[in-house]
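Throughout, a chain's letter reflects where its sequence line sits, starting with A, and its residues are numbered from 1. Predicted model, so just to flag it, every value in this text is computed and none were measured.
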Number of protein chains: 2
Amino acid sequence: MRKPTLKDVAEAAGVHSATVSRALDPGKRHEVHPDTARRVLKAAESLGYRPNPIARSLKTARSNTVGLLVPDLCNPLFPPIVRGADEVLFDRGYSALIASTDNDAAREQRLVDSLVGRQVDGLIVATAQREHPLLSRLHDEQVKMVLINRRVENLDVPAIIPDDAAGIGLAVAHLAGLGHVRIAHLAGPQDTSTGVARARAFRHAVRDAGLDDDPALVVECEYFQEASGAKALRELLDQRVPFTAVVAGNDLLAMGCYDVFAERDVDCPGEISVVGFNDIPFLDKLRPPMTTVRIPHRDLGAEAARMLLGCIDEPARRAGSVLLPVELVVRGSTAPVPD
Amino acid sequence: MRKPTLKDVAEAAGVHSATVSRALDPGKRHEVHPDTARRVLKAAESLGYRPNPIARSLKTARSNTVGLLVPDLCNPLFPPIVRGADEVLFDRGYSALIASTDNDAAREQRLVDSLVGRQVDGLIVATAQREHPLLSRLHDEQVKMVLINRRVENLDVPAIIPDDAAGIGLAVAHLAGLGHVRIAHLAGPQDTSTGVARARAFRHAVRDAGLDDDPALVVECEYFQEASGAKALRELLDQRVPFTAVVAGNDLLAMGCYDVFAERDVDCPGEISVVGFNDIPFLDKLRPPMTTVRIPHRDLGAEAARMLLGCIDEPARRAGSVLLPVELVVRGSTAPVPD
DNA sequence: GTGAAAGCGCTAACAT
DNA sequence: ATGTTAGCGCTTTCAC
């Protein structure tokens with residue numbers, strides 16, 4: 001026995017399929033007589049009727065699906081964000097199609113083509129670069145989207161981002177409070193908004209705290225990845241500028257520092273303190289457990305989803321960006337400055 | 001200007017839409033005259049035609065979508081599996097809908113309902129329990145699926161799983177080689193096939209190696225999670241049966257041991273060696289870096305996807321299960337038995 | 001309040 | 001080799 005359709009329900013209830021459609025739509029239920037509605041509901045129930053979303057989509061031109069673009073799902077930063085988004089989406093009858101771009105523009109292009117081809121109703125994008133031709137084009141083509149974590153410069157698209165400046169401020173203040181005066185910054189890639197925002201915030205915070213504002217203490221990392229962090233720290237160490245603490249652009253960069261510490265037998269936090277950013281899972285299991293700035297991963301995802309759904313439902317709405325609060329999580333990688 | 005449809009292309013090319021449909025389908029291109037095909041392709045190209053998969057799905061009753069059920073996407077074991085699956089699926093024109101069940105049967109039920117409601121063509125399931133009524137029911141309802149990592153007892157569904165027995169054998173042999181004689185096992189939940197397979201393999205391996213086969217050395221953990229591992233190890237320690245090494249049912253259980261080591265000031269690997277299972281990311285960053293059994297995460301996902309697509313394309317095919325090879329990754333959490 | 005009819009964009013018999 | 005026709009399951013005018 002094949003799956004029952006609207007028509008089957010209509011026959012069972014002795015009404016026309018259009019009536020069933022109305023009775024089954026909570027937003028239109030009031031257009032039918034209560035008794036009819038009851039009859040229809042019962043018939044649907046007893047047949048085990050399940051609406052076919054594909055047929056509905058074809059008619060309504062809405063797929064109830066959104067695309068979610070991340071650099072790499074295996075980067076532990078993203079699963080919680082995805083789950084936060086998915087939860088909201090699911091509750092509203094949407095599904096997410098997740099795509100990992102691997103920071104590869106060509107791949108990203110292909111994935112976006114596929115998503116748009118699948119008629120997604122919108123995009124949540126966590127891969128933004130400051131200059132991002134693809135996203136600019138999508139925006140021109142009226143594709144609904146919201147950025148998450150990072151944004152694109154001069155592109156008027158809503159973004160949900162952590163309060164980078166506040167987070168860096170917290171990190172620097174914490175270190176300053178421990179007596180550190182010469183603090184280095186492993187800056188994230190400067191083609192990302194987070195990379196520059198955190199670097200700028202770092203310089204401001206250092207200056208505000210009256211610490212040494214030495215340009216030699218800021219070094220840029222090519223990627224937000226361990227190897228880049230390790231490389232940057234080695235450079236810093238090799239050029240022999242003194243420093244007793246590092247604020248890393250994110251946790252992965254900070255983990256790269258751990259590698260160098262092991263390699264060069266540096267004691268952390270005895271000789272050098274380190275602070276990460278994001279608070280990805282398992283940081284508490286590292287040796288030493290890493291002090292970091294926690295961002296509200298799930299909220300980022302959830303807010304982005306809410307925002308996107310808002311834009312879809314209400315195309316006129318001009319949504320602004322949202323800054324989510326962060327907090328400092330002090331663990332074992334920071335200690336008073338050695339004398 | 002709205003999106004071009006098949007009909008628009010047909011008009012532009014001066015043929016009927018059915019011809020366009022054929023010309024555009026590589027599998028049917030030979031049914032049309034090469035010249036016509038060329039003309040159609042050019043028209044489609046110049047109009048920027050993109051087929052509408054929703055309309056196609058409505059007609060063909062295939063959504064080109066599969067559901068992927070995992071316990072929790074935030075568990076680092078799963079993202080690589082998901083990516084492995086997604087890659088294969090994407091190449092074949094499919095998309096994955098990912099759902100995290102949180103080991104909650106009711107939630108799993110809701111998610112599956114949603115996936116089936118969305119007309120997925122099949123399911124890849126990484127959440128199997130040995131007794132799994134929901135999956136049994138789905139199987140009865142002819143829902144195509146393949147299990148991954150774990151299986152259901154007495155359910156004839158293809159499964160892609162790591163060679164648990166070989167992995168445990170490798171772990172035990174490694175420890176035996178280091179001189180350990182009293183080895184404990186933190187067994188995974190016995191309602192999962194992996195939990196029992198590894199526990200059984202452990203007992204066999206211990207016996208084969210001529211080591212102490214003491215039942216008191218095997219303790220069951222309620223969940224495959226750190227807290228359960230920690231709890232189990234504490235019990236073991238408290239009952240004062242001597243042992244110098246632990247083979248954990250998975251990496252998370254082993255990480256739970258690390259917590260207890262810190263708590264009770266036990267030296268690992270000086271006093272107790274530990275081996276994990278799975279080789280989730282960042283194990284090399286722990287202190288000590290964890291020795292573990294590496295399973296081919298991505299291959300698991302990729303094979304599962306291939307298998308599922310095979311079952312979808314060829315419904316008659318009776319697919320068997322696949323056992324994927326594992327390898328031991330020796331790091332710093334194992335050392336010669338203390339004298 | 002309910003029914004009739006059209007049509008979303010595509011594919012698959014069937015006919016020519 | 002190509003066109004005709006019908007219809008996938010639903011929503012939405014428009015009548016009544």
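Of all heavy-atom pairs between Met145(A) and Leu155(A), the closest is CE-CD2, 4.4 Å. Nearest heavy-atom pair, Leu111(A) versus Ser100(A), reported as atom, atom and distance to 0.1 Å: CD1-O, 3.2 Å.
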* Asked: How does protein contact run along nucleotides 9-16 of chain D, one letter per nucleotide 5' to 3', with B for base contact, S for sugar-phosphate only, - for none, heavy atoms under 4.0 Å?
  -> BBBBBB--
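No donor-acceptor pair under 3.5 Å is formed between the side chain of Ser193(B) and the backbone N or O of Arg150(B). Remark: the backbone N or O of Arg56(B) is paired with a side-chain donor or acceptor of Thr60(B) at under 3.5 angstrom. For the pair Asp102(B) (side chain) and Asp104(B) (backbone), a donor-acceptor distance under 3.5 Å is absent.
Of all nucleotides in DNA chain C having an atom under 4.0 Å from a heavy atom of chain A, the first and last in 5' to 3' order are dG1(C) to dG9(C).
Ser57(A) comes within 4.0 angstrom of nothing in the nucleic acid, heavy atoms only.
Within a 6.0 Å radius of CD in Glu131(A), no more than 12 heavy atoms belonging to other residues, nucleotides or ligands are found.
The side-chain heavy atoms of Leu97(B) and Val120(B), taken from C-beta on, include a pair separated by under 4.5 Å.
The salt bridge (Lys or Arg N to Asp or Glu O under 4.0 Å) contacts involving residues 42-55 of chain A comprise nothing, where partners must be two or more places apart or lie in separate chains.
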